[in-house]
Amino acid sequence: MDERYHPGSIEDKWQKKWDEHNLFKVDEDPDKEKYYLLEMFPYPSGKIHIGHVRNYTIGDVVTRYKRMNGFNVIHPMGWDAFGMPAENAAIENNTHPAAWTYENIDYMRAQLKKMGFSYDWDREVATCRPEYYRWEQWLFLKMFENGMAYRKESYVNWCEKCQTVLANEQVEQDKCWRCSQVVQQKKLYQWYFKITDYAEDLLVHCDKLPGWPDKVTIMQKNWIGKSFGSELKFQIDGSDEDIIVFTTRPDTVFGATFMCLAPEHPLVETLSRGTEQEGAVAEFVNRISHQERSATGIEKYEKEGVFVGAHCINPATGEKIPVYTANFVLMEYGTGAIMSVPAGDQRDFEFARKYGLNIRVVVQPEGESLDGNTMPEAYTGPGIMVNSGEFNGMDNKSAIDAITQWLEMEGRGKKTVSFRLRDWGISRQRYWGTPIPIIHCADCGVVPVPEADLPIRLPEDANILPKGGSPLPTLAYFQKTDCPKCGRGDARRDTDTMDTFVESSWYYLRYCSPRYDRGMFDPDAVKYWMPVDQYIGGVEHAVLHLLYSRYFMRVLNTLGMIDFKEPFTRLLTQGMVCKETMTCPEHGYLFPFEAERKSADNLVCTKCGKPVEVGRVIKMSKSKKNVVDPNELLEQYGADVTRLFCLFAAPPERDLEWSEEGIEGSHRFINRVWRLAGECMKVVKGVTPYTGPADGLSKDAKALYIKANQTVKKVTEDIEKSFHFNTAISSVMELVNMMYTVDIESADGEMKSILAFGLENILLLLSPIVPHFCEELYALMGKESFILEQGWPSFREDALQTDEVVVVIQVNGKLRSKFTTGAGASKASIEERALADSKIQKHLEGKTIRKVIVIQKQQTLVNIVAN
RNA sequence: GCCGAAGUGGCGGAAUUGGUAGACGCGCUAGUUUCAGGGACUAGUGGACGUAUGUCUGUGGGAGUUCGAAUCUCCCCUUCGGCACCA
């Protein structure tokens, strides 16, 4: 046995052995309890980054742990392979998206294998393969048939740089989530999935996902955004038509002194036509609709609008109020029209002040008297109703229902709810994606591709346009086709592709039967494996992928294809991997290797020798250069040490700060165990580990035996309860430290069998974390089978309690002394001894004992209250 | 602005059923090792005072509940994340 652990050859060896023995392959087995462990699959961008390493290490540990606990564990991996970076890379490197993608997949697969992850590679899926996306096209057709997919013209988020439409979920702070370009509004025909049909159901079930972090379900709830309110009808002056508004504050209807319509509201044009305002309105609407989704900065908050030239009747007061169109009213929310109550809403207030509109107070805060002419801002709080006819004097909360009921009787209103969630726009004007299986015919209009013609293959030989944008509309042979309905020869295919989030909404179903060719998935396989028991991935998908996936399962459920609605029973969102940034005054951001440490606090740039400034610890990113390359970690430390550090440095849900010294520490620990194992094996090899009761063992042997049992318990609980591997590893370290205190060479027979117990448990407990290392030592101990095929170790309940306990003595809550006593000592005897303690006596001098509290729980403690 | 999470040594982090604050690791200090270096091993390490048995102090800040609070309650501050004209 070598003095040191050499990861290179050992890790290679075990990866090969696992592979040869098909150790990670699984099939449905009705006799075994299944466990579906899923990690978010990566986009094949070129290389695995450290975030993947962390994510997949966590998943791998759980997989191996569950497997040792007897579960039939499915642990698949695949590729979210469609997407824009492939197109951009193709332009940059003069290659093709397909070639680039498949090369990346091959490279990254090899990287994952080197990390020793226990994937069943037979289940690998790449979403850019026709065998995959044909079933997505098939589902699209089913959804179309059932009214779940539809096409409409409306304003959409357009990213000029990416040359495509974006879903609402893909717009972050008015910017494209990929390239940060400010998004514009563009009117286009687009395909939509009717996710809003499930808004209520998605919302309700947020509270039925106890295995999800609250922050994720809260984000989803906020995104769905249900609000309770009323729809009120305002009759248009001189017409029978009504304008319907949505409001959450019907109690303030008496204070509605004007009305605002969204610029896109159809009535804006209708009402202004033929009035003297027609020109001004047209100019305004035109200007607003060409504005970026929202201008940045202060401009955003500047409210403006124009009078549309018509009035409507306030249903509560009967008075005529002017109708405006205003930039702050959103067409997509509510009804696109609001009743403006300047006294009770800050936006309406600002608008009213700007245009000199009447402000009437209808809710008066208790003990105050607001005046519409002098109040500095709107009052939105609770209060007493005024200027509201028969409702005067009521508190405004009761008035909400009372006024709604009254207006309902008048036929002018009703209770309703409104959602923020909008339908999912899935058309993308991109090439590298799933073609939408639709044909446009001059006679028949929109015609679905017949099922038998699927898949509509994405032409993989298309020349990528150097300026970006999809080449599909330029390809006559792709576009030109016969109409399946009437046979017209000049029909054309839809040249848009689907949002890549469509692929990731169901890939985990495909894993269950990845080569199935009679449908999206084999129903029996899905019945056995689904739902996913544990999903692990980044929190950035809280309202994208995770919401879409929940939606998709509802669609499939409605279509009768599956019998569940929630895809992921438990969700773990791991934290980011962070590192400090380093900047050189001359060269800007530096990679870690571009800074050289001259002394404790002198770091210089290797290029110019100038002092380097160490910045904040932030998420690793290429642009900030604060990255570590998994390849280098593998080279320098091997997979196991890398895995160990990822788990030890922080609990999984928290951000992890990468540190060079930290990983060195993990490296040291591995070698420490290696040496301990070497020492032990000299005397322990072939010795049967002791597993009997603790009673009757000699003092040192018993102490070690108890420690080992406690360690098994602690590690099991830490993994089972919360995946807190950092504390699990700590407790193994404690056991290792204790074993180091044993004089191994002169151990007697009893001690030998306990050392054997300790060592074997260390290997079993660490094996999910550092599997190659443990397999090697396990084999060196003379074991024949794989450690992964061993059962998870158990502990003896009767070997957890040490004979002696430390009693701490406090006086008035302050620690003053301690003593040791037998574990079974009585309260009375402990109290007696505590009071007799000489240090305690000193502290009690001149005081009267008021009370003595003796606690015998996790700790044994005496608190003497005296004054 | 609204919603959420988090603030503990020089650092990463333990301890949250209220019960020895700082496990484990990093770093640092001293020592040991035929120790080139790296490494390994032993001891120490929250702060202040003290030769010392020790005393005081200490979990973002301030109040409170309690025999006892990192942990529970209230107020405030800071940082991070999400949403943001949502009527």
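Naming convention: chains lettered A, B, ... in sequence-line order (proteins, then strands); numbering from 1 in each chain.
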Grab the N/O contacts between the protein and nucleotides 1-3 of chain B below 3.5 Å, and write none if there aren't any.
none

| task | Please determine, for the side chain of A:Ser227, which listed nucleotide (B:C24, B:A87, B:A14) has the closest atom? | result | B:A87

| Excluding sequence neighbours, so at least two apart, what forms salt bridge (charged side-chain N to carboxylate O under 4.0 Å, His left out) with A:Arg360? | A:Glu319

| note | Residues at least two apart in sequence or cross-chain that pass ring pair (Phe, Tyr, Trp, His ring centres under 6.0 Å) with A:Trp424, listed by chain then number, are A:Phe193, A:Tyr548

| How does RNA chain B read in dot-bracket, base by base from 5' to 3', with Watson-Crick or G-U pairs under 3.5 Å and | used when the partner is on another strand? | (((((((..(((......[....)))(((((((.....)))))))((((....))))..(((((..]....))))))))))))....

| Nearest of B:U20, B:C26, B:A87 to any side-chain atom of A:Glu661? | B:C26

| request: List the steps and the verdict of ring-ring contact (aromatic ring centres under 6.0 Å, His included) for A:Phe351 and A:Tyr324. | output: CA-CA 10 Å; A:Phe351 194 84; A:Tyr324 279 73; 5.4 Å; yes

| request: Return the nearest nucleotide to the side chain of A:Asn327; candidates are B:C85, B:G19, B:G25. | output: B:C85

| request: Give me the residues of residues 716-732 of chain A where at least one heavy atom lies under 4.0 Å from an atom of RNA chain B, by number, or none. | output: A:Asn726, A:Thr727, A:Ser730

| query | A:Ile853 has a side chain; which of B:C41, B:G19, B:A23 sits nearest to it? | reply | B:G19

| field | Comparing A:Ala649 and A:Trp223 on RNA chain B - which has the more 5′ nearest nucleotide | value | A:Ala649

| field | Selection: residues 859-867 of chain A, any non-hydrogen atom under 4.0 Å of RNA chain B | value | A:Gln859, A:Leu861, A:Asn863, A:Val865

| message | Side-chain N or O of A:Arg672 versus OP1/OP2 of B:C41: is the shortest distance under 4.0 Å? | response | yes

| remark: Assert: residue with more 5' nearest nucleotide on RNA chain B, out of A:His843 and A:Thr741, is A:Thr741

